[in-house]
Colleague: 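Below you'll find the structure I mean.
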Amino acid sequence: MNPVSYEIVAQIGVISVNNPPVNALSQAVRSGIQSTVRAAQTDSSKAILIICEGNTFFAGADISEFGKPPQVPYLPDLINEIEASGKLVIAAMHGMALGGGLELALGCHYRIALDSARVGLPEVKLGLLPGAGGTQRVPRLIGIPTTLQLILGGTPMPAVAAAEAGLIDSIVSGDLREAALEFVRTLVARHAPLRRSSELEVADIDPQVFADARAEMSRSARGQTAPLRIIESVRASSLPFAAGQQRERELFVECMRDPQSAALRHLFFAEREAARIKDLPRSIETRRINQVAIIGAGTMGGGIAMCFANAGFDVTLLEVSAGTLARGLAIVEKNYAGSVQRGKLDEQEALACRARIQGTTDYAALADADLVIEAVFEDPQLKKEVFAKLDTVCKSGAILATNTSYQDVDAIAATTRRAADVIGMHFFSPAHIMKLLEVVRGKKTADDVLATVMALGKRIGKVPVMSGVCYGFIGNRMLQGYFREAQLCLIEGSTPQAIDTALYDWGMAMGPISVADLAGLDVGYKARQALAESQRGDPRSYRVPDVLVEMGRLGQKSGAGFYRYDAVTRARSDDAEVMQIVEREAHAMGIRRRPIAADEIVERLIFALINEGMNILDEGIAQRPGDIDVVYTYGYGFPSWRGGPMYYADTVGLNYVIERIEEFRKRLHANNWQPAALLKSLVAKNSSLARWAE
Ligand code: 3HC
Ligand code: NAI
């Protein structure tokens with residue numbers, strides 16, 4: 001079916017585009033618009049209106065065409081042709097006008113939008129720049145500083161703000177088509193000029209603005225190449241339009257060829273694919289969720305309550321005593337104050353959200369809950385007791401979820417008479433901020449419970465990824481080898497600072513030693529104590545942390561762990577005492593310390609992640625390699641421009657990964673480095689994870 005249709009309505013040529021789901025500017029759409037605009041030049045229409053059907057205006061270029069040979073008409077040429085039209089062309093926007101979609105609107109002579117619309121240039125999130133005139137027309141319309149904010153931030157802005165800035169001419173509510181036709185009639189009646197943004201001059205070019213932007217991006221977008229190319233392209237808007245557009249084109253092609261963009265595009269599709277459960281039909285009916293209850297108002301429970309309250313749900317927060325409840329609610333209040341301070345919510349919104357959270361100490365208050373999420377201490381016995389109690393008080397059909405980090409969801413479900421209603425919802429700390437949600441499917445979890453929780457995750461603004469049941473699920477299970485290697489590098493010869501720097505410079509949001517200090521060294525210590533010695537793994541990997549905990553050095557919360565922390569600023573400093581402990585323990589264990597290069601540190605940690613990821617795929621714990629990539633980039637600070645650990649494995653080559661693992665096995669600790677069976681079989685077939693996942 002042709003996605004572009006045309007009719008003349010009271011002397012206005014109306015081009016309607018219908019290319020579900022998001023009206024991406026595919027080749028068929030571009031070509032349809034081009035031929036229609038050309039034909040309209042000589043028909044009886046007095047002006048041309050471009051409008052989209054469905055939920056949204058154009059959400060951008062068609063990302064699925066990227067990486068393939070480009071097909072004519074190219075978007076920048078089409079937009080230039082629209083701008084050169086001898087008849088007025090007007091864009092009418094609703095939903096989202098993103099990337100190439102907004103660029104097309106900016107090539108039109110006038111723009112009208114619904115008040116609920118949002119416009120933006122999110123290309124940076126795909127490692128790209130707005131390559132269809134965006135870096136040239138936007139500065140001409142709204143000046144350099146606002147342009148840089150819009151394009152480097154990549155976050156869409158409300159149409160009303162865009163109109164105030166100068167990107168949109170008219171904001172309307174109600175029926176867009178009717179309002180747009182009226183708008184065009186008025187323009188025609190007053191012989192409005194053909195306003196071409198390419199003919200404007202860029203105002204106030206201050207070189208300092210570009211220097212500041214570069215400095216800011218090297219901090220906030222560390223390691224990424226697209227932001228610097230964006231700044232250069234916007235800077236080229238000081239040239240005559242054609243020359244600026246030529247520079248934009250060159251820089252766009254550079255971005256497109258950059259492996260960073262391929263990695264980010266992989267993640268874009270991986271995130272959407274992760275939402276789909278392979279063995280569930282898309283149409284499965286979900287359960288209605290209105291009332292939500294959370295058990296435990298600690299670090300996680302309070303944050304989870306905020307997620308639901310922020311999404312408009314009524315939340316009951318249950319604690320063991322009035323005292324612990326008051327403490328939990330006070331933290332929630334403090335977090336809301338923080339959200340207001342950071343500009344995430346305004347004061348009224350924060351008050352309204354806070355008002356949706358009711359505290360209680362009475363299990364009877366859970367009788368009407370449609371969903372209960374348990375977030376009590378990580379104690380398997382306690383969790384089982386809580387679930388047994390929920391089984392007696394909750395209504396039939398309520399979904400019972402646990403936020404456990406490690407415990408066996410099936411064993412928890414078995415303490416109820418309704419295992420089909422039990423599921424894991426593993427949020428990440430701080431729960432009201434972190435986007436990842438691991439949804440843990442138990443052996444008996446009902447299909448509609450799983451589908452409901454996956455959909456609910458998206459509704460509360462999370463990125464849900466399904467995991468099967470195993471110790472630590474996808475993310476924390478993979479972390480074990482990563483942390484083990486960090487500790488082994490430390491005792492074998494490195495320092496906390498050298499290990500953190502190696503991983504940070506490679507792109508991780510935080511080094512592993514700092515992460516351990518932040519999470520609290522006592523957490524791992526307690527988990528180890530609960531295990532038999534034979535289950536604790538390589539003793540060399542936990543000797544130093546055990547000593548630190550036994551000295552009362554629990555990490556940031558006690559002011560000292562692997563580092564020291566300033567009581568007021570929390571600033572981190574190295575601690576000679578820790579190095580004395582490391583050296584003493586290494587000596588006691590017969591380890592001869594040696595210098596370890598940053599490359600070796602990075603490969604040991606990252607290849608340990610990858611190897612365990614392979615096991616997780618082989619066991620069916622994760623549905624696809626892309627799901628693991630989404631978990632690591634959203635939940636563990638893995639650099640998105642490297643595409644996630646499994647994508648990264650393919651980019652360095654599985655041959656290389658196994659070669660290094662074999663080398664570590666021979667040279668380091670054989671037990672720690674058993675290459676995963678899936679890795680071996682893919683290497684034997686000279687294959688890749690991407691091919692395996694097809
Ligand atoms: N191209 C191709 N497919 C796209 C697409 C695009 N630009 N945007 C979304 N889709 C697809 C998704 O893959 C998904 O497909 P699926 O159902 O098969 O998984 C479907 O549309 C729906 O997408 P979402 O699940 O994300 O739906 P939401 O309603 O949650 O969000 C959206 C809609 C806000 C439009 C979001 O999809 C989005 O942000 N899309 C990307 C927008 C973007 O980055 N545009 C710039 C593209 S680059 C460009 O224009 C270059 C130019 O400057 C030259
Ligand atoms: P926490 O110690 O901060 O809070 C636990 C809360 O549960 C306390 O306020 C306690 O009073 C309350 N509680 C204990 N027994 C209760 C009962 N019977 N009924 C009602 N409330 C009870 O613990 P945290 O960190 O919030 O962890 C909770 C769960 O979330 C654990 O299973 C943990 O593994 C998991 N988790 C923790 C993360 C973290 O980073 N802290 C991240 C992801 C999951």
Side-chain angles (χ1 to χ4, degrees), residues 19-26 55-66 70 74-76 79 95-104 118 120-135 151 154 156 248-249 252 255-256 261 264-265 268-276 282 294-304 317-321 323-325 327-328 331 360-361 363 373-380 382-383 385-386 389-390 402-407 424-431 434 436 438 458 472-473 475-476 518-520 523 527 635:
N19 183 29
V22 296
N23 286 316
L25 284 152
S26 64
N55 292 332
T56 184
F57 191 69
F58 307 110
D62 187 336
I63 303 170
S64 64
E65 289 179 357
F66 291 173
Y74 305 134
L75 189 57
I79 295 173
M96 293 283 203
L98 298 178
L102 177 59
E103 291 174 295
L104 185 142
R118 293 167 73 78
L121 293 165
E123 285 86 344
V124 67
K125 297 185 178 161
L126 299 169
L128 297 172
L129 54 82
T135 65
I151 305 183
E248 178 190 84
R249 186 81 220 142
F252 182 78
C255 284
M256 194 59 105
S261 176
L264 289 161
R265 281 182 272 131
F268 176 85
F269 288 114
E271 178 185 334
R272 279 148 188 89
E273 209 174 1
R276 282 196 271 282
R282 275 206 201 195
I294 318 286
I295 318 282
T299 310
M300 295 307 290
I304 298 169
L317 190 52
L318 184 141
E319 258 293 342
V320 269
S321 69
T324 52
L325 180 61
R327 189 196 56 199
I331 295 171
T360 186
T361 54
Y363 271 82
I373 303 174
E374 165 277 311
V376 303
F377 304 129
E378 186 73 352
D379 169 347
L382 176 63
K383 286 189 190 289
E385 282 165 23
V386 168
K389 217 179 276 175
L390 291 178
T402 171
N403 181 48
T404 181
S405 308
Y406 291 98
Q407 303 307 318
M425 287 179 79
H426 184 213
F427 289 78
F428 288 72
S429 180
M434 294 290 284
L436 179 65
E438 276 185 325
K458 193 164 179 195
F473 317 123
N476 284 346
L518 181 65
V523 177

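We count residues from 1, following the sequence as given. Both ligands and their constituent atoms are indexed starting at 1 by order of listing.
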Colleague: Between ligand 1 and Glu65, can you find any atom pair, the residue atom being a heavy atom, that is separated by under 4.0 Å?
Modeller: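 It does not, in that no heavy atom of Glu65 comes within the 4.0 Å cut-off of ligand 1.
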Colleague: Got an N/O contact under 3.5 Å between Ala61 and ligand 1?
Modeller: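 The answer is yes, given that Ala61 and ligand 1 share an N or O pair closer than 3.5 Å.
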Colleague: Has ligand 1 got any nitrogen or oxygen that is less than 3.5 angstrom from a nitrogen or oxygen of Val22?
Modeller: no
Colleague: Does the protein put a heavy atom under 4.0 Å from atom 7 (O) of ligand 2?
Modeller: yes
Colleague: Can you report which non-hydrogen protein atom sits closest to atom 1 (N) of ligand 1, along with the distance?
Modeller: Ile63 N, 2.9 Å
Colleague: Considering the heavy atoms of Arg327, write down every atom of ligand 2 situated less than 4.0 Å from one of them.
Modeller: 9 (O)
Colleague: When only distance counts, is His426 in polar contact with ligand 2, meaning an N/O pair under 3.5 Å?
Modeller: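 So ligand 2 has no N or O lying under 3.5 Å from an N or O of His426.
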Colleague: Can you find a protein heavy atom closer to atom 15 (O) of ligand 1 than 4.0 Å?
Modeller: no
Colleague: If I apply the N/O under 3.5 Å rule, does Ser64 come out as touching ligand 1?
Modeller: no
Colleague: Of all the non-hydrogen atoms in the protein, which one sits nearest to atom 27 (O) of ligand 1, and at what distance?
Modeller: Lys458 NZ, 4.2 Å
Colleague: Using a strict cut-off of 4.0 Å, indicate which atoms of ligand 2 neighbour a heavy atom of Lys383.
Modeller: 31 (C), 32 (O)
Colleague: With heavy atoms only and a cut-off of under 4.0 Å, state how Lys125 meets ligand 1: side chain, backbone, both or neither.
Modeller: neither
Colleague: So, is Pro130 polar-close to ligand 1, with some N/O to N/O distance under 3.5 Å?
Modeller: no
Colleague: May I ask you to list the atoms of ligand 1 that are less than 4.0 angstrom from any heavy atom of Gly131?
Modeller: 53 (O), 54 (C)
Colleague: Answer with yes or no whether Phe428 contacts ligand 2, where contact means a heavy atom under 4.0 Å from a ligand atom.
Modeller: no
Colleague: Given the protein's heavy atoms, is any one of them under 4.0 Å from atom 7 (N) of ligand 1?
Modeller: yes
Colleague: So is there a nitrogen or oxygen of Gly60 less than 3.5 Å from a nitrogen or oxygen in ligand 1?
Modeller: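 No; the residue has no nitrogen or oxygen that sits under 3.5 Å from a nitrogen or oxygen of the ligand.
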